[in-house]
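I have placed the structure first, in the form of structure tokens, so that the comments after it can refer back to it.
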Amino acid sequence: MTETLLPKTYEFAATEEKWLGRWRAEHSFAANMTEGRPAFSIVIPPPNVTGVLHMGHALNNTLQDILTRYHRMKGDNTLWLPGTDHAGIATQNVVERQLRTEGKNKNDLGRDAFIERIWQWRREKGGAIVEQLKKLGASCDWQRERFTMDEGLSKAVRQVFVQLYKEGLIYKGDYIVNRCPSCQTALSDDEVEFEERDGKLYYIRYPLADGSGELVVATTRPETMLGDTAVAVHPDDERYRAFVGKEVTLPIAGRAIKVIADTAVELGFGTGALKVTPSHDRNDYEMGKRHNLSFMKVMDDRGFMNENAGEYQGLDRFACREKIVADLRADGFLVKIEDYKHAVGACYRCHTVIEPATSRQWFVAMRVLADEAKAAVEDGRVRLHPKSWRANFFGWMNNIRDWCISRQIWWGHRIPSWDCQDCGERIVEMADPSRCPHCGSAQIVQEEDVLDTWFSSALWPFSTMGWPEKTKELTMFYPTSVLVTSFDILFFWVARMMMMGLHFMGEPPFTDVYLHALVRDKDGRKMSKSLGNGIDPLDVMASYGADAMRFTLTALAAQGREIRLDLERIEGYKHFINKIWNAARFAHMHLADCDEHIREVADNPGQLPMAYRWILSRAEATAEVVRGAYDNFLFNEAAQAGYQFIWTEFCDWYLEWIKADLFSADDEVKATAKGVLLTVLETILHLTHPIIPFVTEEIWSVLPGKRSLLMTAPFPEPRPSWRDAQAEEEMAVVIEAISGLRAIRSENDIHPSAKLTALVLCPGEAKRAVLTANGKRIADLARLESLSIAASGDKPEKSASFVGLGLEIFVPLQGLVDVAAELVKNEKELVRVEEKLAQVRKKLGNDNFLAKAQAEVVAKERDKLAELEARLALLISAGDRLQKMR
RNA sequence: GGGCGAAUAGCUCAGCUGGGAGAGCGUCGGCCUUACAAGCCGAAUGUCACAGGUUCGAUCCCUGUUUCGCCCACCA
């Protein structure tokens, strides 16, 4: 044994910094492209360039890193391709805010200067999230970092747009979008927040044009009635069946509009009759399309009534509502007004009530693309994990609507379409046109809108690898192996990647999709700024270390379950990291001056003493579990198996067991102990490195021998020769004896340092042989002065006892035995055994069970019966003995 | 309203194709035993939400109920 220079407590901060530096210096994350090796590739879900690392990123990237490191160690050609997303609206907002503090807005700069300003921001501040990912230990090939607005990726975007346009899958059409009248911009659905607000429900009379009756409609927005072009009722509504196809006269406006039947009308709600305003309501818009209604806008983009509103023109929408209601009342059209609380869409920035409005937008036709994506999941070319998402996925694909890809902002891929001002020709080509190919006019104007950010993200798996060029990266790494992402962007992103990949590459972009949960706080709430319940991964890494955080997230990442993160849990795993550290520190004391070849003793495990065979067997069993877990995305299982093996089996039992051997005078004994110690410790490092890269790399580096990096060392192949069922059985017997002795000690308040004498009675020959063979070590670990083992014999009076499976332990204690307490314990145990016995007897007494259950199950029950009966007999005799001692 | 998921120890959660209920944290008792007090040893703790069904046998499969969570659609 030598002194160790390793600190007593694991110093994560310095260690992490050290290895981040080394890994970078040695380009250890760079993808290999060796011929003849299997390929493993992941493209990162590109975080917004404006983003800061949150727990969701930490989880997402920890899981990707585990897979990447595992496959790299397995020797695969491994690529984890990183990058960021230009995040149109978010990024533009950041820079606009910056301008505002300078008293300017984007129009003061103009489009080109504003975009240059965003690039400038990106160069200065856009790398933050990437640096944070690096701190986590993410082993991306950082030299291949991509950005969705890169030249290459922009070229791919252009190519895809042009091709889809030429195939007729991109078109320009009318659509109803959310507009904020105050911000003067269209908003995506995600940017609309629904707020419960107090409103009113107005009941308005619409007389039939032929004077034969009337319909009463209910609305929260009477001002839009000026744009009504129909009234709808449910086709099954008996009350109105006769009205369908007739016309009603729109009050105030005096126009005649049709009564239509549509299932979108809710039977039980309001009056069952619904006014239809296709230009100012999303549902009405759909209905207008279905029934070929006319579209009439009565409001402008700022929320004021327009020329179609007649005498109301120029009024603000809310002022108009009041005036209309007053006029309806005066003319006798108003039936009643009810208070009504309902959800109103509001702008996430200024909280102005959203105004749905029709406008010209660009679309991708989705039907064909969606069918291809659906088929890929149906036939198993793409597997979703957990499988439960399949149903959701199909539902979405079946009900898909065309994708509105135009955005009225400046930051993004500007739509490559030019309109000729003279002849109206639309020009969509790879090269920017200078004049109209149809009429030759130079008066051509490019589309102002840019593409939805998700458009470029949808191309990510192949655009990042150089498409449309035929690169060797595409050949080697496309399709990628697995996509790891949060379920909330399954449709926004994953499905669209599948569509684009299938359409342009002919293959889906990945074979497996692992969908993980959202990270929530310990009460199950989403982490959010407004709740203030967020846990900042950077803070966590600073106080607990990256490995502790990674291990925690991994241990909590059970499939199909939400993740509730509690700092206490992270603290617990920090202790675990320290535990590994100290086990290694102990090993280091004994191994520092060794030759690494000592590990060769493990090549022939059959020759080794029982405990050595046992730990190798357990190590191999653990390796099997861990390997299977990594292969099947069962991350929490890998973490749990590692934890259990390292702490309980390796530290608590094995290290304690070999201490005596390590201090032995016999050099051969010593060498064996050291060799197996090194072997098992190395196995532990290999198995857990993907989850906790820093501490394992550090330990690896101080073990004997010249070492290259752990992160590129080979992951253990299966070693079936290590499995040893007999050693596991034998060790179980020894563990039971030692635990029994310790329990006697603890329950009788015997000081741990007091040396005891013990007797073990064990009638079973095999078991007794095991105990005898390991008697010395049992005495050591249970701190005995002497231990006698016999098949049977006199049971010492005045002794504490323990009844185990097939063995009985006695520790004579002159008058110190707490007889009353022992009796209580004995009685309790007796009851438990009797209950179990009753269960087993009932089972074995059941003919059906004997006839129908598997033979092994029946045999197992029989063994159990024998065991329990023996135990019961021992307990009864122990009870009798205790009675005599009173 | 539609869909999905969850309900297991005080708390946070495992328990993967039905066959003796587990971990971490916390609690209680005892220990500075020369890797680790961020540790060691020992102990206590569960009608596996409820009610039925299938089965020789159900925490596990099926049905229903209750509670909770999420997603989608939002009702004029």
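Per chain, numbering begins at 1; letters A, B, ... match sequence-line order. Bear in mind that the values here come from a model prediction, so they are computed numbers and not experimental data.
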Grab the CG-P distance between A:Leu741 and B:U33 for me, whole Å please.
20 Å
Mind listing the N/O atom pairs, protein and nucleotides 25-29 of chain B, below 3.5 Å?
{"from": "B:C25", "atom 1": "O2'", "to": "A:Glu568", "atom 2": "OE1", "distance (Å)": "3.2"}
{"from": "B:G29", "atom 1": "N2", "to": "A:Ser746", "atom 2": "OG", "distance (Å)": "3.4"}

Check the orientation of A:Phe633 and A:Tyr514. Use parallel for under 30°, tilted for 30 to 60°, and perpendicular for over 60°.
tilted
Is there a side-chain contact between A:Lys836 and the phosphate of B:G20, meaning an N or O under 4.0 Å from OP1 or OP2?
no
What distance, rounded to whole Å, do you find between the two C1' atoms, one in B:C13 and one in B:C36?
26 Å
Considering only NZ, NE, NH1 and NH2 on the basic side and carboxylate oxygens on the acidic side, decide whether A:Lys836 and A:Glu867 come within less than 4.0 Å.
no
Salt bridge (charged side-chain N to carboxylate O under 4.0 Å, His left out) contacts in which one or both residues fall within residues 848-862 of chain A, not counting sequence neighbours:
A:Lys843-A:Glu861, A:Glu861-A:Lys864
Pick out the pairs of N or O atoms, protein on one side and nucleotides 53-56 of chain B on the other, that lie under 3.5 Å.
{"from": "B:C56", "atom 1": "OP1", "to": "A:Lys852", "atom 2": "NZ", "distance (Å)": "2.2"}
{"from": "B:C56", "atom 1": "O2'", "to": "A:Asn846", "atom 2": "ND2", "distance (Å)": "2.8"}

Relative to each other, are the rings of A:Phe576 and A:Trp647 parallel, tilted or perpendicular (30° and 60° limits)?
parallel
Touch check for A:Arg742, heavy atoms < 4.0 angstrom, all strands: base, sugar-phosphate only, or nothing?
sugar-phosphate
Classify the nucleic acid contact of A:Glu867 as base, sugar-phosphate or nothing, counting any heavy atom under 4.0 Å across all strands shown.
base
Using atom P in both nucleotides, what's the gap between B:A35 and B:G20 to the nearest angstrom?
41 Å
Is A:Lys8 near enough to B:A37 that one of its side-chain N or O atoms lies under 4.0 angstrom from OP1 or OP2?
yes
Pick base, sugar-phosphate or nothing for A:Arg745, based on heavy-atom distances below 4.0 Å to the nucleic acid.
nothing
Euclidean distance, atom NE2 of residue A:His751 to atom C1' of B:G42 [Å, nearest integer]
14 Å
Closest to the 5' end of RNA chain B, once A:Lys659 and A:Lys828 are matched to their nearest nucleotides, is A:Lys659
For RNA chain B, produce a single dot-bracket line, 5' to 3'. Pairs: Watson-Crick or G-U wobble, both distances under 3.5 Å. Symbols: ( ) within strand, [ ] crossing, | other strand, . unpaired.
(((((((..((((.....[..)))).(((((.......))))).....(((((..]....))))))))))))....
A:Glu856 near the nucleic acid: base, sugar-phosphate alone, or nothing, with a heavy-atom cut-off under 4.0 Å?
nothing
Assess whether one donor atom and one acceptor atom, taken from the side chain of A:Lys579 and the base of B:C36, lie less than 3.5 Å apart.
yes
Using a heavy-atom cut-off of under 4.0 Å over every strand shown, decide if A:Glu571 touches base, sugar-phosphate, or nothing.
nothing
Test log, rule side chain to side chain contact (heavy atoms under 4.5 Å, CB included), inputs A:Leu662 and A:Lys674:
CA-CA 7 Å; A:Leu662 288 170; A:Lys674 289 181 177 184; 3.7 Å; yes
Just the table, please: protein N/O against nucleotides 59-61 of chain B N/O, every pair under 3.5 Å.
none

Round to the nearest Å and state the distance from A:Phe492 atom CZ to B:C71 atom P.
12 Å
Taking only N/O atoms, report every protein-nucleotides 74-76 of chain B pair under 3.5 Å with atom names and distance.
{"from": "B:C74", "atom 1": "OP1", "to": "A:Asn283", "atom 2": "OD1", "distance (Å)": "3.3"}
{"from": "B:C74", "atom 1": "O3'", "to": "A:Asn283", "atom 2": "ND2", "distance (Å)": "3.4"}
{"from": "B:C75", "atom 1": "OP1", "to": "A:Asn283", "atom 2": "ND2", "distance (Å)": "2.8"}
{"from": "B:C75", "atom 1": "O2", "to": "A:Glu266", "atom 2": "OE1", "distance (Å)": "2.6"}
{"from": "B:C75", "atom 1": "O2", "to": "A:Glu266", "atom 2": "OE2", "distance (Å)": "3.1"}
{"from": "B:A76", "atom 1": "OP2", "to": "A:Tyr340", "atom 2": "OH", "distance (Å)": "2.2"}
{"from": "B:A76", "atom 1": "O3'", "to": "A:Thr219", "atom 2": "OG1", "distance (Å)": "3.3"}
{"from": "B:A76", "atom 1": "O3'", "to": "A:Thr220", "atom 2": "N", "distance (Å)": "2.5"}
{"from": "B:A76", "atom 1": "O3'", "to": "A:Thr220", "atom 2": "OG1", "distance (Å)": "2.8"}
{"from": "B:A76", "atom 1": "N6", "to": "A:Glu266", "atom 2": "O", "distance (Å)": "3.2"}
{"from": "B:A76", "atom 1": "N6", "to": "A:Phe269", "atom 2": "O", "distance (Å)": "2.9"}
{"from": "B:A76", "atom 1": "N1", "to": "A:Glu266", "atom 2": "N", "distance (Å)": "3.2"}

With ring centroids as reference points, do A:Tyr544 and A:Tyr573 lie under 6.0 angstrom apart?
no
Tell me the interatomic distance from A:Ile738, atom CD1, to B:U33, atom C1', rounded to whole angstroms.
14 Å
Residue A:Glu656, side-chain atoms from C-beta onward, closest of B:A38, B:A35, B:G19:
B:A35
Return the value, rounded to whole Å, for the distance between atom OH of A:Tyr654 and atom P of B:C40.
18 Å
OP1, OP2 of B:C31 versus side-chain N and O of A:Ser753: anything below 4.0 Å?
no
For the side chain of A:Leu634, counting heavy atoms from C-beta on, which of B:C16, B:G42, B:A35 is nearest?
B:C16
For the residue pair A:Phe243 and A:Tyr240, does the interplanar ring angle fall in the parallel (under 30°), tilted (30 to 60°) or perpendicular (over 60°) class?
perpendicular
Examine the side chains of A:Thr224 and A:Lys275 and answer whether a donor and an acceptor come within less than 3.5 Å of each other.
yes
Name the one of A:Ile580, A:Ile577, A:Thr696 that satisfies side-chain contact (heavy atoms from CB on, under 4.5 Å) with A:Asp547?
A:Ile577
Looking at the side chain of A:Pro752, which of B:A35, B:C31, B:C70 is the nearest nucleotide?
B:C31
Do A:Lys842's NZ or CZ and the ring of A:Phe849 fall within the cation-pi criteria of under 6.0 Å and 45°?
no
